[in-house]
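Residue indices begin at 1 and follow the sequence shown.
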Amino acid sequence: MNLLALPLRRTRSHLLLERNVMVYRRVWMVVLSGFFEPLFYLFSLGIGLGHYVGTVQAPGGAVIDYASFVAPALLAASAMNGAVYDATNVFWKLKYAKVYDAMLATPVGPEDVALGETAWALFRGLLYSAAFLAVVTALGLVHSAWALLALPAALLVSFAFAGAGVAATTYMRSWQDFELLQLALLPMFLFSATFFPLSTYPEVAQVIVRLTPLYHAVSLLRSLTLGAVGPGQLVDAAYLAVLGTVGVALAARRMGRLLLG
């Protein structure tokens, strides 16, 4: 645990990270449950439906089986879901449990809260990603040594969605606002070249898809697992890094307003 919190030692945010670990170790099944959703999609669509789909053209022009095409996209979705779903727990702590109000009586400040919650959401996304990557590797769905960078890349994906998720949660006013979150996540999951190559979409839809964060996450991880790495992956990584950084900065600012204003 000390190694996990080491990058946060310059602030007091590691204290919030340690608190979350102690809380969730008693309900570890809640954390574990999020790993199974992408796994079910992999077996039902990637392998089951893939039996009828056959092969698809991957980035770089290689022809691969459908399961190998879908697996890295589901890895990106796993990192996204782990980060976002935990980030949204901030709403309950902020609006109802008043956890952060008690923390402000200590040296912990709003910026520490934002960083600590982002770090925990990132960690949960990393857990999902590591477990899912182990499964797809065991199934033989990884085709390149570049896949060694897939886990750090998944960590970057988790950072992007954790920062954005915590920031978005600070704008929620009621539980009904979670429907807006699903309205954003579900289309991204279905249409960010997750299950079909981008070239199958109309040109207008392709432009919209390229603007979504999950598309860049899918593009980055798919290129790494299939070995089709190029300059475009630097753009993907930069996009995700900027999204996470802006999200954390916005979350810290919003936390200050909500808790101190």
When rounded to the nearest 0.5 angstrom, what is the spacing between CG in Leu148 and CG in Leu133? 9.5 Å

Quick check on the hydrophobic clustering: are Val209 and Val207 connected, directly or via other members, by side-chain heavy-atom contacts under 4.5 Å? no

Walk me through whether Phe161 and Leu214 qualify under side-chain contact (heavy atoms from CB on, under 4.5 Å). CA-CA 9 Å; Phe161 283 100; Leu214 186 58; 4.2 Å; yes

Hey, does Gln57 have a side-chain heavy atom less than 4.5 Å from the side chain of Pro197? no

Smallest separation among heavy atoms of Ser68 and Asp65, with atom names: OG-OD1, 2.9 Å

Would you call Val90 and Met172 a side-chain contact if the rule is heavy atoms closer than 4.5 Å? no

Verify side-chain contact (heavy atoms from CB on, under 4.5 Å) between Phe69 and Leu141, making sure each step is shown before the conclusion. CA-CA 8 Å; Phe69 178 81; Leu141 302 179; over 6 Å; no

Shortest non-hydrogen pair, Asp236 vs Ser219, comes out as OD2-OG, 2.9 Å

Rounded to the nearest 0.5 Å, the CZ atom of Phe195 sits from the OG1 atom of Thr200 at a distance of 12.5 Å

Establish whether Trp120 and Met22 are linked, either directly or via other cluster members, by ILVMFWY side-chain heavy-atom contacts under 4.5 Å. no

Heavy-atom pair of closest approach, residues Ala121 and Ala162: CB-CB, 3.7 Å

CH2 of Trp175: more than 12 outside heavy atoms within 6.0 angstrom? yes

Is there a path of hydrophobic side-chain contacts, each under 4.5 Å between heavy atoms of I/L/V/M/F/W/Y residues, joining Leu74 to Leu190? yes

Verdict with reasoning, Phe191 to Thr212, per side-chain contact (heavy atoms from CB on, under 4.5 Å): CA-CA 10 Å; Phe191 300 111; Thr212 63; over 6 Å; no

Report the relative orientation of the aromatic rings in Tyr239 and His216; use parallel for angles under 30°, tilted for 30 to 60°, perpendicular for over 60°. parallel

So which of Val136, Leu151, Leu221 actually passes side-chain contact (heavy atoms from CB on, under 4.5 Å) with Leu75? Leu221

State whether the side chain of Gln233 and the backbone N or O of Gly230 hold a donor-acceptor pair below 3.5 Å, judged by distance alone. yes

Would one find more than 12 heavy atoms of other residues, nucleotides or ligands at under 6.0 Å from atom CD of Gln182? yes

Kindly compute the distance separating CG (Asn81) from OH (Tyr128), expressed to the nearest 0.5 Å. 8.5 Å

Side chain Thr194, main chain Ala73, donor-acceptor under 3.5 Å: no

Gap separating the CG atom of Leu224 from the OG atom of Ser144, nearest 0.5 angstrom: 8.0 Å

Taking all heavy atoms of Arg222 and all of Ala193, pick out the closest pair and write down the distance. NH1-O, 2.9 Å

Non-neighbouring partners of Gln206 that pass side chain to side chain contact (heavy atoms under 4.5 Å, CB included), sequence neighbours left out: Leu198, Tyr201, Arg210

Between Val108 and Val113, is there a side-chain heavy-atom distance shorter than 4.5 Å? yes

Check whether any side-chain heavy atom of Phe159 sits under 4.5 Å from a side-chain heavy atom of Leu240, and report yes or no. no

Would you compute the distance between atom CG of Asp101 and atom CG of Leu258 and round it to the nearest 0.5 angstrom? 10.0 Å

Heavy atoms, side chains only, cut-off 4.5 Å: are Ser223 and Trp146 in contact? no

For the hydrophobic clusters of this structure (ILVMFWY residues joined by side-chain heavy atoms under 4.5 Å, transitively), does one cluster hold both Ile47 and Leu49? yes

Verdict with supporting geometry, Leu45 and Val70, side-chain contact (heavy atoms from CB on, under 4.5 Å): CA-CA 8 Å; Leu45 297 179; Val70 170; 5.5 Å; no

For residues Val99 and Arg19, determine if any side-chain heavy atom of one lies less than 4.5 Å from a side-chain heavy atom of the other. yes

So do the side chains of Ile64 and Val56 get within less than 4.5 Å of each other, counting heavy atoms only? yes

Indicate the atoms forming the closest heavy-atom contact of Ser158 with Ser129, along with that distance. OG-OG, 4.3 Å

Nearest-0.5 Å distance, CG of residue Leu122 to OG1 of residue Thr118: 8.5 Å

Answer yes if Leu250 and Leu94 sit in the same cluster of Ile, Leu, Val, Met, Phe, Trp and Tyr residues linked by side chain heavy atoms under 4.5 Å apart, and no otherwise. no

Count the heavy atoms belonging to other residues, nucleotides or ligands that lie under 6.0 Å from OH of Tyr52, then report whether that count exceeds 12. no

Taking Phe189's backbone N and O only, do any of them form a donor-acceptor pair with Ser192's side chain (distance below 3.5 Å, no angle check)? no

Closest heavy-atom pair and its distance - Val157, Ala79: CG1-CB, 3.8 Å

Is the shortest side-chain heavy-atom distance between Val84 and Leu181 below 4.5 Å? yes

Counting the benzene-type ring for Trp, do Tyr66 and Phe196 have ring centres under 6.0 Å apart? no

